[in-house]
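Before any comments, here is the structure.
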Amino acid sequence: MARPKGENVIRKHFKLTEETAKLLAKRSKAENMNESEYIRYLLLNQSEHPKSRELEVEVMRLRNEINKIGVNVNQIVKNNNSHIYNENEREILEEEISRIKDLMSVCIGLFLKI
């Protein structure tokens with residue numbers, strides 16, 4: 001990722017810990033780039049939102065929670081099909097499932113607005 005000829009060059013000097021410097025050297029070598037090229041590559045290929053990593057982590061956390069809810073729902077359905085629950089318990093389960101659907105709709109709506 002060499003820069004085009006004739007482009008102005010602005011030099012930046014910054015400090016790194018020894019550990020960070022080793023990490024930069026290792027990762028740039030793994031990508032077959034020198035350290036400057038690797039830093040430019042990282043800067044130019046990041047999302048425009050600095051909080052995107054936090055958002056990705058939150059989405060992963062929500063995905064795991066939704067998966068756990070799905071496992072619980074599957075267990076409930078299995079027990080329901082086995083006629084373990086009485087009619088009153090079934091009504092309560094239906095209300096709770098309806099609440100979960102409403103909450104999921106709200107979460108999806110919020111996520112789409114981001």
Side-chain angles (χ1 to χ4, degrees):
M1 178 191 267
R3 73 181 171 271
K5 288 188 175 186
E7 191 174 306
N8 291 336
V9 177
I10 298 174
R11 292 186 181 267
K12 296 285 184 179
H13 300 277
F14 52 92
K15 296 180 181 182
L16 299 173
T17 64
E18 188 173 325
E19 181 180 323
T20 306
K22 287 178 183 177
L23 185 61
L24 175 60
K26 177 183 172 186
R27 289 187 180 175
S28 62
K29 186 176 182 180
E31 295 293 330
N32 293 322
M33 298 178 186
N34 66 41
E35 292 175 1
S36 295
E37 289 173 333
Y38 184 68
I39 290 171
R40 281 192 295 275
Y41 169 79
L42 291 176
L43 286 171
L44 296 173
N45 290 297
Q46 268 191 2
S47 135
E48 292 182 22
H49 298 285
K51 302 276 184 181
S52 65
R53 179 64 185 144
E54 291 176 30
L55 181 61
E56 286 178 31
V57 169
E58 187 63 19
V59 168
M60 286 173 28
R61 190 186 68 74
L62 286 172
R63 184 181 299 146
N64 288 337
E65 290 298 319
I66 290 168
N67 186 50
K68 290 176 186 177
I69 291 169
V71 168
N72 289 338
V73 168
N74 285 340
Q75 291 171 348
I76 291 167
V77 169
K78 179 182 177 187
N79 290 336
N80 184 48
N81 291 339
S82 300
H83 305 291
I84 292 176
Y85 300 120
N86 64 35
E87 194 60 37
N88 186 36
E89 291 172 324
R90 287 183 186 170
E91 290 174 8
I92 292 170
L93 285 172
E94 287 177 9
E95 290 172 8
E96 292 298 319
I97 289 173
S98 178
R99 278 187 48 216
I100 290 170
K101 286 180 182 178
D102 293 342
L103 288 171
M104 290 300 299
S105 295
V106 170
C107 288
I108 290 170
L110 290 172
F111 180 73
L112 294 176
K113 288 181 182 178
I114 295 176

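When a residue number appears, it is its place in the shown sequence, counting from 1.
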Judged by atom type as modelled, is there a donor-acceptor pair below 3.5 Å linking the side chain of [X] to the main-chain atoms of [Y]?
X	Y	answer
E91	N88	no
E37	N34	yes
N45	Y41	yes
S98	E94	no

Does a side-chain N-to-carboxylate-O contact under 4.0 Å join [X] and [Y]?
X	Y	answer
E96	R99	yes
E65	K68	yes
E18	K22	yes

Distance (rounded to the nearest 0.5 Å) between [X] [atom1] and [Y] [atom2]:
X	Y	atom1	atom2	value
N79	E89	CG	CD	10.0 Å
S36	R11	OG	CZ	8.5 Å
I92	N86	CD1	CG	8.0 Å
K78	S82	NZ	OG	6.5 Å
L62	N67	CG	CG	12.5 Å

Do [X] and [Y] share a hydrophobic cluster (ILVMFWY, side-chain heavy atoms under 4.5 Å, transitive)?
X	Y	value
L16	L43	yes
V77	I100	yes
I39	L42	yes
L23	F14	no
I97	I69	no

*What closest approach, in Å, do M33 and Y38 show between heavy atoms, and which atom pair accounts for it?*
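That would be SD-CA, 3.7 Å.
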
*Taking all non-hydrogen atoms of both residues, which atom of E35 and which atom of A21 are closest, and how far apart?*
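For E35 and A21, the tightest heavy-atom pair comes out as OE2-O, 4.5 Å.
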
*Could you tell me whether the side chain of Q75 reaches within less than 4.5 Å of the side chain of V71, counting heavy atoms only?*
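Yes; the side chains approach each other to less than 4.5 Å.
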
*asked:* Is there a side chain to side chain contact (heavy atoms under 4.5 Å, CB included) between M104 and I66? Walk through the geometry before answering.
replied: CA-CA 9 Å; M104 290 300 299; I66 290 168; 3.2 Å; yes

